[in-house]
Amino acid sequence: MKRAVLFDLDGVLVDSRAAQLATLAGFATAALDRRVTIDDLPPGAETIPREQVLAHLGLDRLIDENGWDAASATATLVAKVFPFVVETLTELRAADVATGVVTLRSRRCLHWLLPPDVIDLLDTVVCYEDATPKPAPDGLLLALDQLGAAPSNAVFVGDTDTDIHAARAAGVTAVGAGWGFAGPHALTRTGADLVLSEPMDLSSALLRLVGGPQLNGFSGELDS
């Protein structure tokens, strides 16, 4: 049976916290015609749906997607792929484990965040427009169908409660990326099967998890 590891994008493979906040502040500045700084955003803005953040700031109309894309494209210039990503994806491929991304980003934004060498290491990418967004399990199930993998032989690595809920709804082992947006304690409270505080030896942990349908003794929060 094919084994698979799926990843969220922002906060898991890409260090995009600053870019997310800059996008919100930049778009709000243009839309509200007043200066909005990152300090003006509500706490945890990077993990809150953008509609809620912008409504909090006073936007009372639909989001202009062209304006949003312009703000996002500029802000993502400061986003960088985490150093461990290429090595992890390479080691998973060498072990014959399929990999993919399931993200709330649009497909248009994918190449703004991931360089070609990283995209080439992914076997599938499911974006916002491809399936009902997380926390619905649809995107994860679509990715697994494309990879020919069953949920019992798959892991999803995410960094928000939305990711963990989607994984559990899909019947996939939920791994919390504690280095991402929400942090390890929040991911543990949400019900992740395993929480990794740091991405060191990530590929080793993932390979042990997809060795079979069970967690092989892993549970709770780890520091590795």
(request) Enter the distance from D159:CG to F7:CZ here, rounded to the nearest 0.5 Å. (result)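 If we round to the nearest 0.5 Å, D159:CG and F7:CZ are 12.5 Å apart.
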
(request) Report the distance from atom CG of L9 to atom OG1 of T103, rounding to the nearest 0.5 Å. (result)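 Here the rounded value is 4.5 Å.
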
If you group Ile, Leu, Val, Met, Phe, Trp and Tyr by side-chain heavy-atom gaps below 4.5 Å, do [X] and [Y] land in one group?
X	Y	answer
L206	F82	yes
L196	V101	yes
W112	V85	no
V118	V5	yes
V86	L6	no

Check whether [X] reaches the backbone of [Y] with its side chain - one donor and one acceptor, N or O, closer than 3.5 Å.
X	Y	value
D64	G67	yes
R168	G191	yes
D15	K80	no
W179	P199	no
R93	L121	yes

(message) Going by side chain to side chain contact (heavy atoms under 4.5 Å, CB included), name the residues that satisfy it together with R107, two or more places apart in sequence or in a different chain.
(response)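 Applying side chain to side chain contact (heavy atoms under 4.5 Å, CB included) to R107 gives V125, C127, E129, D130.
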
(message) Can you confirm whether more than 12 heavy atoms, excluding those of L77, are under 6.0 Å from its CG atom?
(response)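 Buried by this count: over 12 neighbours within 6.0 Å.
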
(request) Apply the test salt bridge (charged side-chain N to carboxylate O under 4.0 Å, His left out) to residues D40 and R35: give CA-CA distance (whole Å), side-chain angles for both, the deciding distance (0.1 Å), then the verdict. (result) CA-CA 9 Å; D40 297 321; R35 178 178 172 82; over 6 Å; no

So, [X] and [Y], do they make that salt bridge, N to O below 4.0 Å?
X	Y	answer
D69	R108	yes
R17	D10	no
R61	E51	no

(request) Starting from the C-alpha separation in whole Å, work towards a yes-or-no answer on side chain to side chain contact (heavy atoms under 4.5 Å, CB included) for V126 and Q146. (result) CA-CA 10 Å; V126 174; Q146 293 171 344; 3.9 Å; yes

(message) Test question: given the 4.5 Å side-chain rule for I, L, V, M, F, W and Y, name all other residues clustered with W68, or answer none.
(response)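 Once heavy-atom contacts under 4.5 Å are chained together, W68 belongs with L21, L24, F27, L32, V36, I38, L41, I48, V53, L54, L57, L59, I63.
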
Name every donor-acceptor pair, under 3.5 Å, that has one atom in a side chain of residues 132-145 and the other anywhere in the protein, sequence neighbours excluded.
residue	atom	partner	partner atom	Å
K134	NZ	D8	OD1	2.9
K134	NZ	V102	O	3.0
K134	NZ	D163	OD1	2.8

